[in-house]
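Report on the structure given below.
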Amino acid sequence: MELDEKKYLYLLFILPIVVLVFLINLYWKRRKQREFGDLELVKKLSPESSVFKPVLKLVLLLLALVGIIFGLVNPKIGTKMETVKREGIDIVFAMDVSKSMLAEDVAPNRLEKSKQIVSQIINQLGSDRIGIVAYAGSAFPVLPITTDYSVAKMFLQSMNTEMVSSQGTSLDEAIKLSSTYFDDKSKTSKLLILISDGEDHSEGAESAAEEANKLGMKIITIGIGTEKGGTIPLKRNGIVESFQRDNNNQVVITKLNQAGLIAIAKATKGGYINGNSTKEVLEYIKNTLDKIQKTEFEATEMADFQSQFQWFLGFAFILLFVDIFLLERKTSWVNKLNLFNENK
């Protein structure tokens, strides 16, 4: 089930207000009756007045309001599960979340620039399945292969340099973990988009790429940063307190290593592009995807959602109709039964 117009749920706050108005009005009537005379005598002067009917009318009104509000919200129910056939490829985004990605030689910093690029790439995808991997000194699975792009963006925006405890940049670990996302038996084209500044602190990235090539993977590397490099600011509450230093207490200057990223891409007959221009990256990725063979695969999802607002509105109008013809005086046959001891 899904709610089409959730904003109208705020109207439910009207219900306690209606109850409060009813209680205030009831209190006012009682006070006026006391001013008029003794309550028992007043009741004898109006024997047909019912104590229960006003409460019943209030309940009907509240239920009717609930029906109208939920009619405005328009709940939708999926009537069946449907298998939808799609054409596309499997794509894994491997995001570098090491400390060096906090460098601000590209605005606002390397990590945020990476997020912007990946988000824009996802926006131009069609029916492709995507997954996300984070890596620094080790690799960490963030999101398995999925067709839910909105969830992917949510996980993407939550990524930060604290996700992976071991620092450094192990490109080989990122490639190895990403390869596990793909089904070896599937004929679906496999693409790894690896985003990094290329400062690899491990060995074996090229050999890992060669192994990935044997599995049918293609790797596109996107370099984030500048060859001139920049410092790594350490911030608290958005204010720079210091800069990252090495073991010799020297301020670290982190630079883009394009050569390493190019070598990884070549090992899988993929490609490399500098990520400083988002527009150029998007054009490059689009052209690359157009050349990759799409494969038909199945994705089972809830389909045929149907609106249910008419049932709630119908229920509400029936209650309002009953409320109109429900008088506040006692009903004769109910009066005879004396269910509520109203004759005493």
**Spacing of I175 atom CD1 and L192 atom CG [to the nearest 0.5 Å]** = 6.5 Å
**Message:** Starting from F317, can I reach I14 by hopping between I/L/V/M/F/W/Y residues whose side chains sit under 4.5 Å apart?
**Reply:** yes
**Item:** Full working for side chain to side chain contact (heavy atoms under 4.5 Å, CB included) between F22 and L61
**Value:** CA-CA 11 Å; F22 173 80; L61 177 60; over 6 Å; no
**Request:** Treat each ILVMFWY residue as a node, draw an edge where side-chain heavy atoms are under 4.5 Å apart, and state whether V59 and L319 are in one component.
**Result:** yes
**side-chain contact (heavy atoms from CB on, under 4.5 Å) involving Q310 - partner list, sequence neighbours excluded** = none
**Message:** For residues L234 and V251: do they belong to one hydrophobic cluster (side chain heavy atoms under 4.5 Å, members Ile, Leu, Val, Met, Phe, Trp, Tyr)?
**Reply:** no
**Request:** Output all residues satisfying side-chain contact (heavy atoms from CB on, under 4.5 Å) with I262, sequence neighbours left out; order by chain, then residue number.
**Result:** Q258, K266, Y272
**Message:** Side chains of S179 and K190 only: does a donor on one sit below 3.5 Å from an acceptor on the other?
**Reply:** no
**Request:** For the pair S119 (side chain) and Q116 (backbone), establish whether a donor and an acceptor sit closer than 3.5 Å, ignoring hydrogens and angles.
**Result:** no
**Complete:** Sorted by chain and number, sequence neighbours left out, salt bridge (Lys or Arg N to Asp or Glu O under 4.0 Å) with E5 holds for K7
**Message:** For K255, give me all partners under salt bridge (Lys or Arg N to Asp or Glu O under 4.0 Å), at least two apart in sequence or on another chain.
**Reply:** none
**Prompt:** Got a sec, which residues hit side-chain hydrogen bond (donor to acceptor under 3.5 Å, both in side chains) with N276, two or more places apart in sequence or on another chain?
**Reply:** N274
**Asked** Are I68 and L320 side-chain neighbours, meaning at least one heavy-atom pair lies under 4.5 Å?
**Response** yes
**Prompt:** Less than 4.5 Å apart, any side-chain heavy atom of I273 and any of I285?
**Reply:** no
Sequence neighbours excluded and cut-off under 3.5 Å, please list the side-chain donor-acceptor pairs for residues 150-158, or say none.
residue	atom	partner	partner atom	Å
S150	OG	D148	OD1	2.6
K153	NZ	N123	OD1	2.1
S158	OG	F155	O	2.7

**Prompt:** When rounded to the nearest 0.5 angstrom, what distance separates CG in L191 from OG1 in T288?
**Reply:** 8.0 Å
**Complete:** Those residues at least two apart in sequence (or on a different chain) that pass side-chain hydrogen bond (donor to acceptor under 3.5 Å, both in side chains) with T226 are D105
**Message:** If I compare all heavy atoms of M95 with all of I132, which pair ends up nearest, and what's the gap?
**Reply:** CG-CG2, 4.5 Å
**Message:** Side-chain heavy atoms nearer than 4.5 Å, only ILVMFWY residues, links allowed to pass through others: does that put Y135 and I232 together?
**Reply:** no
**Item:** Partners meeting ring pair (Phe, Tyr, Trp, His ring centres under 6.0 Å) with F309 (sequence neighbours left out)
**Value:** none
**Asked** R110 and I224: side chain to side chain contact (heavy atoms under 4.5 Å, CB included), yes or no, with the steps?
**Response** CA-CA 6 Å; R110 295 178 184 178; I224 305 294; 3.6 Å; yes
**Prompt:** Can you name the closest pair of heavy atoms from G225 and L256 and give their distance?
**Reply:** O-CD2, 3.4 Å
**Asked** So does F70 have more than 12 non-hydrogen atoms from other groups sitting under 6.0 Å from CZ?
**Response** no
**Message:** Applying side-chain hydrogen bond (donor to acceptor under 3.5 Å, both in side chains), can you list everything that pairs with S98, at least two apart in sequence or on another chain?
**Reply:** D96, S100, T169
**Prompt:** Considering only heavy atoms from C-beta outward, does the side chain of E162 approach that of K99 to under 4.5 Å?
**Reply:** yes
**Request:** Please report the closest heavy-atom contact between M159 and M163, naming both atoms and the distance.
**Result:** CA-SD, 3.3 Å
**Item:** Any residue meeting side-chain contact (heavy atoms from CB on, under 4.5 Å) with S138, in chain and number order, not counting sequence neighbours
**Value:** V164, S166
**Request:** Identify whether V19 and V66 are in the same connected component of the hydrophobic contact network (ILVMFWY, side-chain heavy atoms under 4.5 Å).
**Result:** yes
**Request:** For side chain to side chain contact (heavy atoms under 4.5 Å, CB included), just list the numbers for F93 and I222, CA-CA rounded to whole Å, side-chain angles, deciding distance to a tenth of an Å, and then say yes or no.
**Result:** CA-CA 11 Å; F93 295 95; I222 301 175; over 6 Å; no
**Request:** Could you pull out the closest heavy-atom pair between K113 and A107, with the gap in Å?
**Result:** CD-O, 3.9 Å
**Request:** Take K286 and E283 through the salt bridge (Lys or Arg N to Asp or Glu O under 4.0 Å) test and state the conclusion after the steps.
**Result:** CA-CA 5 Å; K286 184 179 183 301; E283 290 177 356; over 6 Å; no
**Message:** If I take atom CD1 from residue I121 and atom CD1 from residue I193, how far apart are they, to the nearest 0.5 angstrom?
**Reply:** 4.5 Å
**Within-4.5 Å side-chain heavy-atom neighbours: F182 and V92** = yes
**Fill in**
Distance col, row I264:CD1 vs L171:CG, nearest 0.5 angstrom, shows 4.5 Å
**Asked** So how far is it from D323 CG to L56 CG, rounded to the nearest 0.5 Å?
**Response** 8.0 Å
**Atom pair CG/CG of N160 and L111 - distance to nearest 0.5 Å** = 7.5 Å
**Asked** Under the 4.5 Å side-chain heavy-atom rule for ILVMFWY, direct or indirect, which residues accompany I253?
**Response** none
**Complete:** Tightest non-hydrogen contact, residues S178 and V133, listed as OG-CG2, 3.9 Å
**Request:** Report yes or no: does S170 contribute a side-chain atom to a donor-acceptor pair with the main-chain N or O of G137 at less than 3.5 Å?
**Result:** yes
**Request:** Check whether any side-chain N or O of Y8 sits under 3.5 Å from a backbone N or O of G71 as a donor-acceptor pair, and report yes or no.
**Result:** no
**Asked** Are the side chain of K269 and the backbone N or O of A267 linked by a donor-acceptor pair below 3.5 Å?
**Response** no
**Request:** Using atom types as modelled and distance alone, determine if a side-chain donor or acceptor of D128 lies under 3.5 Å from a backbone N or O of I89.
**Result:** yes
**Item:** Min side-chain heavy-atom separation L125-I91 under 4.5 Å
**Value:** yes
**Asked** Is there a donor-acceptor contact under 3.5 Å from the side chain of S127 to the main chain of G88?
**Response** no
**Prompt:** Just checking, is any N or O donor in the side chain of T254 or E199 under 3.5 Å from an acceptor N or O on the other one?
**Reply:** yes
**Prompt:** Between V281 and G275, which heavy-atom pair has the shortest distance, and what is it?
**Reply:** CG2-CA, 3.6 Å
**Test item: Q124 side-chain N/O and L282 main-chain N/O as donor-acceptor pair under 3.5 Å** = yes
**Item:** L62/V18 under side chain to side chain contact (heavy atoms under 4.5 Å, CB included): CA gap, chis, key distance, verdict
**Value:** CA-CA 8 Å; L62 292 176; V18 172; 4.0 Å; yes
**Message:** Among residues at least two apart in sequence or on other chains, which ones pass ring pair (Phe, Tyr, Trp, His ring centres under 6.0 Å) with Y284?
**Reply:** none
